[in-house]
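Notes follow the structure.
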Amino acid sequence: MAKNKTKSPASIGREQWLRFYRQMLKIRLFEEQVNQLYMSAKMPGLAHLYIGQEAVAVGVCEALRADDYITSTYRGHGHCLAKGAAVDKMFAELLGKVNGYCRGKGGSMHIADQERGNLGANAIVAGSTGIATGAAMSAKLRGSDQVAVCFFGEGALGQGLLYECMNMAALWKLPVIYLCENNLYNEYTHYSETTAGEIEARARAFGIPTESIDGQDVELVHKTLQRLVERARQGDGPSFVLCSTYRFHGHHVGDIDRAYYRAKKEEEEWKSKRDPVKLLTDKLLRLKIADPKLLQKIENETRREIEDGVQFALNAPYPDPDEVDQHVYA
Amino acid sequence: MTTKQAALIGGSAREITFGQAINEALAEEMRRDPKVFILGEDVAEAGTPFKVLSGLVKEFGKERVIDSPISEAAITGVCVGAAMTGMRPVVDIMFGDFVTLTMDQMVNQAAKIHYMSGGKLKVPMVMRTTLGATRRSAAQHSQSLHAWFSHIPGLKVALPSTPYDAKGLLKTAIRDDNPVVFFEDKMMYQQKGSVPEGEYTIPFGVADVKRPGKDITLVATSSMVQVSLKAAEILDQAGISAEVVDVRTTAPLDKETIIASAKKTSRAIVVDEGYERYGVTAEIASVIADGAFYYLDAPVKRMGAMDVPVPFSPVLEDQTVPTPESVVEMAKTLCGRR
Ligand SMILES: Cc1ncc(C[n+]2csc(CCOP(=O)(O)OP(=O)(O)O)c2C)c(N)n1
């Protein structure tokens with residue numbers, strides 16, 4: 001909508017392409033490891049895998065500064081890593097260890113990383129839309145040029161809080177970007193059974209500019225966000241981005257038997273044709289930005305990082321039991 | 001410290017209303033700290049329906065006294081986010097009944113974030129709201145829901161009963177690094193009391209013996225402090241000396257002062273305007289039973305709002321909350337004087 005008002009994004013350089021690859025692969029391999037930790041009963045609680053959606057988190061967060069804010073969901077490992085979190089401290093948090101990001105008190109569904117602007121994963125659907133909008137309001141009140149990105153699934157479209165927040169953000173021109181990842185399913189229900197009308201029209205009703213994009217294309221996500229982040233930084237207010245994407249695994253790791261809500265064929269189609277990591281690999285090779293040797297090298301390095309991170313977390317101590325009533329109050 | 005003592009040490013004595021005391025606390029804190037701002041419905045030019053915020057927008061502007069849409073959940077949520085990122089918001093929720101709409105943001109977000117982040121994130125915000133019946137406002141504008149918040153670890157709850165306490169407790173609330181819910185009795189806004197000119201704060205978790213006595217303890221909150229003080233006067237004429245303990249904050253709760261008073265008088269009634277069942281009175285009665293059991297000459301009694309939706313008709317509504325007369329009757333019974 002405000003396309004011609006803001007400067008067009010710089011074209012993506014080689015370093016940036018390789019960073020996309022490294023970050024997306026890191027999320028993919030991290031999540032595969034989470035799956036194993038969970039399956040081997042080393043990880044307590046629930047794990048909601050982000051595999052299949054990596055291009056969204058990376059495309060978005062690569063357009064942000066370290067001091068920009070994000071809020072995330074219970075499917076938030078990807079957002080957290082993309083915003084710059086360290087693999088070892090993340091694994092440690094997932095295993096409930098004291099040197100995890102939240103001293104083992106948050107776990108997978110509540111991981112936060114204040115130093116990199118990650119205000120936390122939220123296990124209440126749409127629960128963080130207020131926080132992201134408030135962070136944007138705070139940035140504006142403080143006169144900083146920080147921007148907040150609010151990640152949520154299409155299931156959050158059912159929650160009133162989101163609309164109250166979009167109304168305020170539009171009224172007060174807050175620097176917040178509402179980023180909806182439509183992976184087609186609210187838990188075990190196709191979104192078409194829960195979502196009336198047109199998704200974009202909801203944001204448009206508040207006068208919020210809206211973009212609908214392919215969430216499997218990291219370049220497209222990145223360029224769109226660069227434009228919208230710049231727009232928000234300039235003081236032109238909120239925007240809404242709808243990314244179409246797909247979660248390759250179940251709602252959570254235990255959701256194996258999925259035939260009653262989605263077809264094997266659909267899963268196979270997305271995995272074979274719409275895998276964001278494969279799409280990026282093909283592009284890098286096709287455009288000769290990287291050769292197979294370089295990609296292999298990056299993969300080896302990333303695998304080592306994941307392996308070291310897991311070992312660190314497995315060997316890390318649990319919190320002292322005395323910590324149980326610490327941090328109730330500041 | 002009692003109101004009288006405070007007036008003596010705190011500079012020149014003067015009488016202002018409860019509403020003015022709140023207004024003054026906000027103005028002083030906003031002058032002191034540019035991070036403090038107010039968000040709520042009709043808070044700016046209107047100064048809220050109770051006029052408690054009158055004049056603040058003139059001094060601090062619409063940037064800091066912000067009229068919001070009628071969106072209690074988002075008002076609260078946005079302030080949680082602002083608090084986490086360097087501001088100190090004061091949320092205004094017009095009627096205490098509307099806190100129902102803020103519950104996810106208060107209970108699942110504000111209260112939990114510090115703990116879930118292992119102490120890294122903080123939510124320094126205050127939610128100001130009202131409590132109290134007997135305004136003929138009926139079932140959706142008369143409830144006292146402070147017990148709900150007192151139930152939640154991570155939240156603090158303050159309930160001032162005098163202009164002096166209102167000012168000192170609100171300043172403490174604003175400076176606290178935790179989410180604080182601050183309940184004001186809407187029947188009390190016009191009540192006058194002495195408030196010193198000088199700057200002072202009142203620590204949380206410190207109860208105030210509003211009236212010393214030796215035969216029975218009346219532990220009271222907010223609106224019920226005045227009711228208990230009146231009851232104590234009537235009891236005095238009947239030869240019963242009642243001590244009135246104002247808890248001032250239910251979370252944290254000053255157990256020591258309550259227990260010490262019950263030990264001293266050997267009888268206790270807990271008086272609160274929240275619904276009686278599962279309420280604040282139950283918690284305080286249990287504190288007394290635990291801490292002073294062997295000193296008690298009678299079981300601890302509880303008096304709260306009747307467990308009915310608040311009715312409109314004056315003859316019905318007046319029955320639903322404790323009155324000085326009903327407290328007197330209960331006290332006489334406990335003292336074996338009936
Ligand atoms: C307020 C609330 N209601 C219900 C749930 C239970 N729940 C967890 S995930 C989920 C589905 C959310 O789907 P979506 O927002 O599309 O996110 P996705 O899982 O696709 O990432 C539900 C209903 C919840 N966590 N919060």
Side-chain angles (χ1 to χ4, degrees), chain A residues 69 71 93 98 100-107 109-115 117 119-124 126-142 144 146 148 150 159-169 171-172 174 176 319 323 325-330, chain B residues 34-37 39 62-64 66-89 91 101-102 104-105 107-125 152-156 176-180 204-205 251-252:
Chain A
Y69 298 111
T71 61
E93 187 58 36
V98 71
Y101 272 107
C102 310
R103 303 187 71 80
K105 282 184 166 145
M109 293 203 288
H110 303 303
I111 203 156
D113 177 12
Q114 191 189 13
E115 275 136 64
L119 299 175
N122 214 298
I124 305 291
S128 74
T129 54
I131 295 172
T133 309
M137 181 178 181
S138 150
K140 187 167 179 172
L141 287 170
R142 285 181 286 111
S144 93
Q146 291 159 291
C150 181
Q159 289 278 340
L161 181 66
L162 173 65
Y163 304 103
E164 294 187 12
C165 287
M166 288 201 292
N167 184 46
M168 287 182 183
L171 279 170
W172 302 333
L174 302 180
V176 53
E323 282 209 16
D325 61 358
Q326 278 174 25
H327 309 124
V328 178
Y329 293 97
Chain B
K35 297 194 287 295
V36 179
F37 72 93
L39 183 66
K62 285 179 88 73
E63 289 272 284
R64 294 181 71 194
I66 308 167
D67 277 334
S68 72
I70 304 164
S71 308
E72 284 76 9
I75 292 169
T76 310
V78 157
C79 285
V80 174
M84 289 166 72
T85 54
M87 301 299 288
R88 301 188 86 87
V91 178
L101 298 155
T102 73
D104 171 59
Q105 295 303 305
V107 173
N108 289 322
Q109 313 296 342
K112 304 290 186 285
I113 282 162
H114 185 66
Y115 192 82
M116 293 192 310
S117 69
K120 284 197 194 158
L121 294 164
K122 286 182 195 158
V123 188
M125 65 185 277
I152 303 300
L155 298 180
K156 294 186 179 180
D176 199 293
D177 273 345
N178 297 283
V180 177
F204 282 5

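Below, chain A is the first sequence line, B the second, and so on; all start at residue 1. Predicted model only: the values in this text are computed from it and were never measured.
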- Once you round to the nearest 0.5 Å, how far does CD of B/Gln105 lie from CG of A/Leu161? 5.0 Å

- Top of A/Ile124, A/Val98, A/Thr71 for chain B proximity - count of heavy-atom pairs under 4.5 angstrom: A/Ile124

- Task: Let me know if A/Tyr69 has heavy atoms under 4.5 Å from chain B in its side chain, its backbone, both or neither.
- Result: side chain

- Query: Which region of A/Leu171, side chain (C-beta onward) or backbone (N, CA, C, O), has a non-hydrogen atom less than 4.5 Å from a non-hydrogen atom of chain B, or is it both or neither?
  - Reply: side chain

- Task: Could you check which of B/Asp177, B/Val78, B/Ile75 has the highest count of heavy-atom pairs closer than 4.5 Å to chain A?
- Result: B/Val78

- Heavy atoms of B/Pro153 and B/Lys112 approach each other most closely as O-NZ, 4.3 Å

- Heavy-atom pairs under 4.5 Å with chain A are the metric here; pick the option from B/Leu155, B/Leu101, B/Val123 that has the most. B/Leu155

- Item | Proximity breakdown for B/Ile113 and chain A, heavy-atom pairs closer than 4.5 Å | side chain

- Determine the option with the most heavy-atom pairs under 4.5 angstrom with chain A, choosing from B/Asp104, B/Val80, B/Asn178. B/Asn178

- Counting only heavy atoms closer than 4.5 Å, note whether B/Lys35 contacts chain A via side chain, backbone, both or neither. neither

- Item | chain A contact via B/Ile70 - which portion, at a heavy-atom distance below 4.5 Å | neither

- Message: Could you go through A/Asn122 and A/Ile131, starting from their C-alpha distance and side-chain angles, then the distance that decides it, and tell me whether this counts as side-chain contact (heavy atoms from CB on, under 4.5 Å)?
- Response: CA-CA 10 Å; A/Asn122 214 298; A/Ile131 295 172; 4.0 Å; yes

- For A/Glu323 and A/Lys105 the tightest heavy-atom approach is O-NZ, 2.8 Å

- Message: Does B/Lys120 qualify as a cation-pi partner of A/Tyr101, given the criterion of NZ or CZ under 6.0 Å from the six-membered ring centre and within 45 degrees of its axis?
- Response: no

- What part of A/Gln146 lies closer than 4.5 angstrom to a heavy atom of chain B: side chain, backbone, both or neither? neither

- Task: With a 4.5 Å cut-off on heavy-atom pairs, point out which of A/Glu115, A/Arg103, A/Lys140, A/Glu164 contacts chain B the most.
- Result: A/Glu164

- Message: Taking side chain as everything from C-beta outward and backbone as N, CA, C, O, which of these in A/Ala112 sits under 4.5 Å from a heavy atom of chain B? Side chain, backbone, both or neither.
- Response: side chain

- Query: Measuring heavy-atom distances to chain A, does B/Thr76 have an atom under 4.5 Å in its side chain, in its backbone, in both, or in neither?
  - Reply: neither

- Query: Quick one: what part of A/Asp113 sits under 4.5 Å from any heavy atom of chain B, side chain, backbone, both or neither?
  - Reply: neither

- Given a strict heavy-atom distance threshold of 4.5 Å, which part of B/Lys122 is in contact with chain A: side chain, backbone, both, or neither? side chain

- Task: Considering only heavy atoms and a distance below 4.5 Å, find which of A/Ala330, A/Ser138, A/Gly130 pairs most often with chain B.
- Result: A/Ala330

- If you round to the nearest 0.5 Å, how far is CD of A/Gln326 from NE2 of B/His114? 9.5 Å

